[in-house]
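Everything below concerns the one structure shown next.
Hydrogens, waters and symmetry mates are skipped; everything else that's a heavy atom, side chains included, is used. Proteins come first, then strands; the chains are lettered A, B, ... in the order of their sequence lines, and each starts at number 1.
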Amino acid sequence: MMHHRVIADNGLKVTSGGCAVAVRLPWYRSLPLSVVDVVSIEFDGRVIDMSNVVFQLEGSSIRLDELRARTTENWFVLDTAYLVLNEKNLEVGKEYDVAVTLAIYPPYLKDLHRVVRTQKRLLAH
Amino acid sequence: MMHHRVIADNGLKVTSGGCAVAVRLPWYRSLPLSVVDVVSIEFDGRVIDMSNVVFQLEGSSIRLDELRARTTENWFVLDTAYLVLNEKNLEVGKEYDVAVTLAIYPPYLKDLHRVVRTQKRLLAH
Amino acid sequence: MQSASSSNLRLGSTLYSFTTEYHNHDYSFESLIRRIAAENLGPGLEIVGFQSIKGFPVVSDAYADWFRGLIDEVGLELSCLGINSDFGINRDRKMTEDELFDYHVPQLHAAAKLGFPLIRYQYGAGPEAIKRLVPEAEKLGLKLALEIHASHHVQHPVILAFREMYEQVNSPLLGFIPDFGASVHSVPPSFLDFVRSIGVAESMIDLALEVWHAGGNGSEMAAQFYQKAVAMGGDADLILELFPIFGLFSRQDPRDWAEIMPQTFHIHGKFFDFADDGAEASIDYASTLKVFVEGDFNGYMSSEYEGHHWTDADAFDKVRRHHALASSILHKLG
Amino acid sequence: MQSASSSNLRLGSTLYSFTTEYHNHDYSFESLIRRIAAENLGPGLEIVGFQSIKGFPVVSDAYADWFRGLIDEVGLELSCLGINSDFGINRDRKMTEDELFDYHVPQLHAAAKLGFPLIRYQYGAGPEAIKRLVPEAEKLGLKLALEIHASHHVQHPVILAFREMYEQVNSPLLGFIPDFGASVHSVPPSFLDFVRSIGVAESMIDLALEVWHAGGNGSEMAAQFYQKAVAMGGDADLILELFPIFGLFSRQDPRDWAEIMPQTFHIHGKFFDFADDGAEASIDYASTLKVFVEGDFNGYMSSEYEGHHWTDADAFDKVRRHHALASSILHKLG
Ligand SMILES: [Mn+2]
Ligand SMILES: [Mn+2]
């Protein structure tokens, strides 16, 4: 179910402080940030430490543990968010296996939550 | 010439620290950040102080005076960047006149630079 | 192209059908609307506010003018705005009745501003908040309709609570939207292809279908399946991939829609796959539409393709086929 | 649809024509290609790397496979990849010859990987870097062509420098791409409509057209116009809005393209507006195409609509008309 939608095409950007992974909401409509969990990120099979990951959307930089409180901010379904990571030493033009798992809790459905993991081989740009 | 393209539709987002204006590159192709100047931002006719404005793109947060040195980072023509402002006291659901002026220096053309100002009335969300 | 038919059931599309194309940025809100019009996949047009409009339910005057102008230009007819009854935004507790009321009001205003005659609301609103919204709906000249979506059906306790409230209030503005996913006869083949493609074992699929065919309440069937599947040694993650069977498809008899016919304002013509002869593979459209035509249903049926949850098949092709199927059935029904 | 004609000039489209639709997210790279194929606006397909591909010129194997598969599926033919000769990325100084060479190499590799037989390069590369790229082009089996774009023309000193180098090197891989914006007879009406719409005074427009018709080097004409306009009290910002006249349109005689005919690999069929009779309003396509057919040109002409700089007119409609015009002229030319 939308298993390929979490990571955007060409979604690995090398930045001065590390890198950023471009992510999309694996759902058909916008959802409040409060019902989105960033569960895990893997780099070449290695699970990375999530404590320093920052979620960047529309000019806001949000710690992952702050998302649940953001009940009034929506992630518009066409917008790309960025997971900003400390992951260093990436080289532009090299390929990496990246996997991101998001969990969403559609707020109009009782008991539904969906865990979606996308894995892609990405060429860093 | 692309006078309506600098500010994205629905491009005014209230954030916890102020607000962000969604901006697009007013050109047909991607350009390196080094050839983009953020010239000015106006709020309801008032020119704002640019010294604290941050340009956010693909997980990077860049001071405006740092753009010119970014010769290897491209702004992909379909991507939205955000101008992060201290501008406080905006209310969701209220309308504001916002104008953003960008200057671009297409790097394959001698002596061409283009200054593009977009003004839009935006409903803060 | 709707064939000549004497029924008052008019065809249309919901943009929800085009989730794949839209999520991919292959089309925008505007270019989807233009192509739907160009391909005669109207005349009804339904949208989901939180899908198509950034910042919804906040809608500026300029945006509303642009939207109404576009609809006018392309010649479509606004059938329904899907709004959401998001009771669970705060994950620690459900919204109170007051909060639910407050959450719906701006969505109703947005609908009226955009020119919709009808909104689709969801069961999470609860009968009381909807009852309190009737005066607002009257002011706005807007109809409110509860979508009856799998795993619900016309006799489900959750739906009965709304039916009771409707009887009390007796407002011509309160009605229902049957979603045909609630009256399927089998699980869509493309869904089973999908779960096979991600490695779900055949034994697990058989088990899920067995539980589903035995019938019962959706969440109870899911729980029952989960226990048995785990006992059989199924992979927990892959077991979960079968859960949509219990949430998206239910086996109500299509004839049961007749019970709510006078209050039926609109239809979600849910569909997934087509057989070689053009019939829908899991929904008996001939029998189902007969119920609505015989019940003198007057309104739009949105072609609501939902396979985008598990495949990236071309939705335009799908909706074209759905229109052809529906037109042909309506023509035969006279 | 290309009419039967005995010439070897084949039609096609460049995605650059669809900048409005693409920038708006109304279509994606993929959906543009699919619609161009569906509407028979090929068979040639040209793209600009830095427009269509995020991260260009870095292209993964998977992406190249996807792209080649798509082109195969839809039945288009890759005509040309537009690469950019970005000498001015560092605003403090121009790239050195070594840097220019290094900047082009990965773009050539990307072109070959994506399956293009030809790249378009720009004057900023300089003749020396291009000369040094010939062995690379030979390895890749790739042709390199300089676009001759307004304000240049076949006898412009900048172009003559490349022509001299071509004569020395004498490689069958080196050639040219005429852009018909270099041989227009008048300024496109829609451009003048645009400048009027933003408040440019009629006196300023008259002055710009007068200077432009008097002729000369593009930047010198611009400087001359600027001085006179300021002296006449014109608004500085609005004066600048007229500068594209001197950069996008030049008045080379279309017959002069014959000079470089044997080295002409590809054509940018630039266009803007159509008269009521279907003729291009500022480019004499009948005379211009005659030069290429009589010169035995063998290659594609990309329909290259450029009005998107100043209007949001529907590019599909524009390109359709351009194909119809070109087909009809080619048919008459036999
Ligand atoms: Mn539905
Ligand atoms: Mn050109």
[X] versus chain B, heavy atoms under 4.5 Å apart: side chain, backbone, both or neither?
X: D:F243; value: neither
X: D:I53; value: backbone
X: D:T311; value: neither
X: D:D312; value: side chain
X: D:H25; value: side chain

Give, for atom CG of B:D97 and atom CZ of B:R46, the distance between the pair rounded to the nearest 0.5 Å.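 The distance works out to 11.5 Å.
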Give the member of [options] that has the highest number of heavy-atom pairs under 4.5 Å with chain D.
options: B:P107, B:A69, B:P26; answer: B:P107
options: B:D37, B:L33, B:L31, B:L25; answer: B:D37
options: B:V77, B:L78, B:L112; answer: B:L78

Between the side chains of [X] and [Y], does any donor sit under 3.5 Å from an acceptor?
X: D:T14; Y: D:E46; result: no
X: D:T96; Y: D:D98; result: no
X: D:N90; Y: B:T71; result: no

With heavy-atom distances below 4.5 Å as the criterion, would you say the side chains of D:Y103 and D:D86 are in contact? yes
Would you say the side chain of D:F87 lies within less than 4.5 Å of the side chain of D:L100, judging by non-hydrogen atoms? yes
Ranked by heavy-atom pairs below 4.5 Å to chain B, first place among D:A222, D:S85, D:G124 goes to D:S85
Using non-hydrogen atoms and a 4.5 Å limit, figure out which bit of [X] sits close to chain D: side chain, backbone, both or neither.
X: B:E58; result: side chain
X: B:V116; result: neither
X: B:Y108; result: both
X: B:R114; result: side chain
X: B:R117; result: neither
X: B:D79; result: side chain

Using the six-membered ring of B:F55, assess whether NZ or CZ of B:R63 lies under 6.0 Å from its centre and within 45 degrees of the ring axis. no
Ring geometry between D:Y305 and D:H308 (parallel below 30°, tilted from 30 to 60°, perpendicular above 60°):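 Because their plane-to-plane angle is over 60°, the rings of D:H308 and D:Y305 count as perpendicular.
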Note: D:R120-D:D179 ion pair, threshold 4.0 Å (strictly below):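 Result for this pair is no, no salt bridge flagged.
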For atom CG of B:N89, is the number of surrounding heavy atoms from other residues, nucleotides or ligands below 6.0 Å larger than 12? no
